[in-house]
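Numbers for residues simply follow the sequence, beginning at 1. Atoms within a ligand are numbered from 1 in the order they appear, just like the ligands themselves. Only this structure's heavy atoms are used, side chains among them; waters, hydrogens and symmetry mates stay out. Since we're looking at a predicted model, the values are computed, not measured.
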Amino acid sequence: MTHALKSPDSSRANSKALYGGTSSRRITVRDIAAAKERGEKWPMLTAYDAMTASVFDEAGIPVLLVGDSMGNCHLGYESTVPVTMDEITLLSAAVVRGTKRALIVGDLPFGSYQEGAVQALRNATRLVKEAGVGAVKLEGGERSAHQIELLVQAGIPVMAHVGLTPQSVNAYGGYPVQGRGEEAAQQLLRDAKAVQDAGAFAVVLELVPAELAAEVTRILHIPTVGIGAGVECDAQVLVWTDMAGMTAGRVPRFVKQYAQLREALGGAAKAFAEDVVGAAYPAEEHSFH
Ligand code: KIV
């Protein structure tokens, strides 16, 4: 099913709403905190370039993540592991330039914060200064609390990420659902509380049973951003290429596809090619004399 690009519904009651609100200034982490207090749900998408980001910004998506999923979706790597600070910084700057309203969150890639808080601060500072992002994201619960604390003390808002953390794909040996069983569930709760206590303004819950994600969402005063974590999370995020049917092959079960862009774009390329070989393009109206 194809969904036409719609503007946020201006008839929505709350003018401050993250999605559908009327304010055109850039969203801040204070707006995100206020949305949790109002019990308001909000959408987040990934973006890796200025043009796509501008489409999502115009559609009213309040938070865009320049995710290290760019490794798989944009740069042709097999996982997020090879993504570098240079790549994230370049593409985050493009996304910031392409947007006016969305809060832009830049992902800290594998190897850019695991050494400790000082390394995390150096790389997060680079993303804020060189790319202009409004916040950064990093993976890990208790194990990343020191890093989160120092960044927050330095004035850099942090979105945390617990549950399945794709940068650990080599340790997991795949992408398994997390938090199943009593012990794993307790660890996930500890991780979520640890990142909140460290000062994170939001936390991504990836591939977590819906009941556990609902419990975390109830307990925390910061918003949870679910991906494969059920409907009770405060926000939902999808990788845009999955959401819009641009990804080749199978997508994870939790993905809902709202368009079939891969088919549409391939069709446009074929139609162009056929016009060129058949001398139907350029036509008179495309030519100069
Ligand atoms: O890199 C990414 O896109 C992410 C989201 C899936 C949350 O971390």
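Glu182 and Gln186 are linked by a side-chain donor-acceptor pair at a separation below 3.5 angstrom, with hydrogens and angles left out of the test.
Taking the ring-ring contact (aromatic ring centres under 6.0 Å, His included) definition, one finds that Tyr113 meets it with nothing, sequence neighbours left out.
In summary, of the residues considered (Val66, Val225, Asp107, Val203), a side chain to side chain contact (heavy atoms under 4.5 Å, CB included) with Lys137 occurs for Asp107 alone.
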Can you pull every nitrogen or oxygen pair between ligand 1 and the protein closer than 3.5 angstrom?
from     : atom 1 : to     : atom 2 : distance (Å)
ligand 1 : 1 (O)  : Asp68  : N      : 3.1
ligand 1 : 1 (O)  : Asp68  : OD1    : 2.9
ligand 1 : 1 (O)  : Ser69  : N      : 3.0
ligand 1 : 1 (O)  : Ser69  : OG     : 3.3
ligand 1 : 1 (O)  : Asp107 : OD2    : 3.2
ligand 1 : 3 (O)  : Ser69  : OG     : 2.5
ligand 1 : 8 (O)  : Lys137 : NZ     : 3.0

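Environment of CZ in Phe272: sparse, with no more than 12 heavy atoms of neighbouring residues, nucleotides or ligands closer than 6.0 Å.
Clustering of Ile, Leu, Val, Met, Phe, Trp and Tyr by side-chain heavy atoms under 4.5 Å joins Phe288 with none of the others.
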Pair up each side-chain donor or acceptor in residues 128-135 with any protein partner under 3.5 Å, not counting sequence neighbours, and list the distances.
from   : atom 1 : to     : atom 2 : distance (Å)
Glu130 : OE1    : Arg126 : NE     : 3.2
Glu130 : OE2    : Arg126 : NE     : 3.3

